[in-house]
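In each ligand, atom 1 is the first atom listed, and ligand 1 is the first ligand listed.
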Amino acid sequence: MSTHPGTAAGVTLSVHLTPADLRSALESDVRAGLANHPPTLPPKYFYDAVGSELYEEITRLPEYYPFRRERQILQERAGEIASLTAADTLVELGSGSSEKTRLLLDALRASGHLTHYVPVDVSETALRAASEAVAGEYPGLDVHGVVADFDRHLGLLPEAGHRLVAFLGGTIGNLDPDQRHSFLTDLRSGLQPGEFFLVGCDLVKDTGRLERAYDDSAGVTARFNRNVLSVLNRELDGDIDVDTFEHVACWSAENEWIEMRLQTDKPQEWHLRALGLTTSFEAGDHIRTEISSKFRQAGMEGELMKAGYTPVAWWTDPDGDFAVSLSRAE
Ligand code: AVJ
């Protein structure tokens, strides 16, 4: 790990993940995923520069309600979050939306306790930019960016202060139930009793609305989904014919998650030369590229309690589309 001052006043970056670490994680994740039946790819590889831009576009689509619903809840509840937690440190997992970060920072600052902001992200470039922007807007705030993979480095979060850890956007839904349990217990073991966890969760609802949110009429989500194949071509010297894969989004009633797939209607083969790997497909085969789990209050709060947290508040938008859950580490 290296810690070095950033270029702007008030910014420090701790780097737990080097480009070489990211590279070997990509190689082993892709190898392991493609060996599954059906093959899978981890959603974190959607987010290169093009994919991050497409995700921003998704958040503005009429069909994609989660982003706006969560923002609405935070606008409404940031003051309560600040007074219930009295946190002096906001830790944010994932690059997040600067707009939502600012809602929380403003409320914590108004409550008079705020001293530290700790954004955590795998991308050093994104983190540096976000850290410097926030430091510029909040004079006196100590911004300590942490370049880390929150799948693996939760134990390395800076310990100082009375922390509120925020995991927004509904990204917890990308984890399956076992992965969520490990994530929640790992995070819990890095927290002191009395510290807080704030998590955004998309809720189970009408199947048609859910499927449209992940298969919009403008085709942006389809481009976002296929982009992961362009990432493989570029990073792993692949020869994937990206446009021969069709975007599919389907609701799994059994798992209560949306599953995104890339499906081929003809037999084909691709090569990832950097891995020396050939993958073959029959007509109709698919790759699973993302799960986006949808929650119910009892289920989410049950998972939190099993992992050592006490639910403190559960806020939804007026239509009950999305929830923000606050819990305390015990
Ligand atoms: C960023 C993980 C919250 O699951 O809704 C959006 C990603 N995928 N459209 C989600 C996503 C397809 C998004 N998260």
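Taking only nitrogen or oxygen atoms, main chain and side chain alike, Ser292 reaches within less than 3.5 Å of ligand 1. The shortest N or O to N or O distance between Thr221 and ligand 1 is not under 3.5 Å.
For atom 2 (C) of ligand 1, the closest non-hydrogen atom on the protein side is Asn174 OD1, 3.3 Å. Atom 13 (C) of ligand 1 has Tyr64 OH, 3.4 Å as its closest protein atom, hydrogens excluded (heavy atom only). The closest protein non-hydrogen atom to atom 8 (N) of ligand 1 is Glu290 OE1, 2.7 Å. The protein heavy atom nearest to atom 14 (N) of ligand 1 is Thr171 OG1, 4.0 Å.
Ligand 1 does not have Pro66 within reach: every non-hydrogen atom of the residue lies 4.0 Å or more from it. Using a 4.0 Å cutoff on heavy atoms, Phe46 does not count as a contact of ligand 1.
Close approach of ligand 1 to Phe224 is summarised as follows: ligand atoms under 4.0 Å from at least one heavy atom of the residue are 8 (N), 12 (C). Less than 4.0 angstrom separates some heavy atom of Gly169 from each of these atoms of ligand 1: 3 (C).
Between atom CD of residue Glu290 and atom OG1 of residue Thr221 there is a gap of 9.5 Å, rounded to the nearest 0.5 Å.
In this structure, Phe281 has its ring center under 6.0 Å from that of Phe245.
Annotation: side chain to side chain contact (heavy atoms under 4.5 Å, CB included) contacts of Arg296 (sequence neighbours excluded): Val204, Glu256.
Between the side chains of Glu259 and Ser252, not a single donor N or O lies within less than 3.5 Å of an accepting N or O.
Leu191 approaches Arg163 most closely through the heavy-atom pair CA-NH2, 3.8 Å. In terms of heavy atoms, Asn174 sits closest to Gln179 at O-OE1, 4.2 Å.
Among Asp239, Leu34, Asp237, the single residue meeting the side chain to side chain contact (heavy atoms under 4.5 Å, CB included) criterion with Leu272 is Leu34.
Hydrophobic clustering (ILVMFWY, side-chain heavy atoms < 4.5 Å, transitive): Phe46 and Ile291 are in distinct clusters.
Looking at Tyr47 against ligand 1, only its side chain comes within 4.0 Å, counting heavy atoms.
Nearest to atom 9 (N) of ligand 1 by heavy atom, out of Tyr55, Trp257, Tyr214, is Tyr214.
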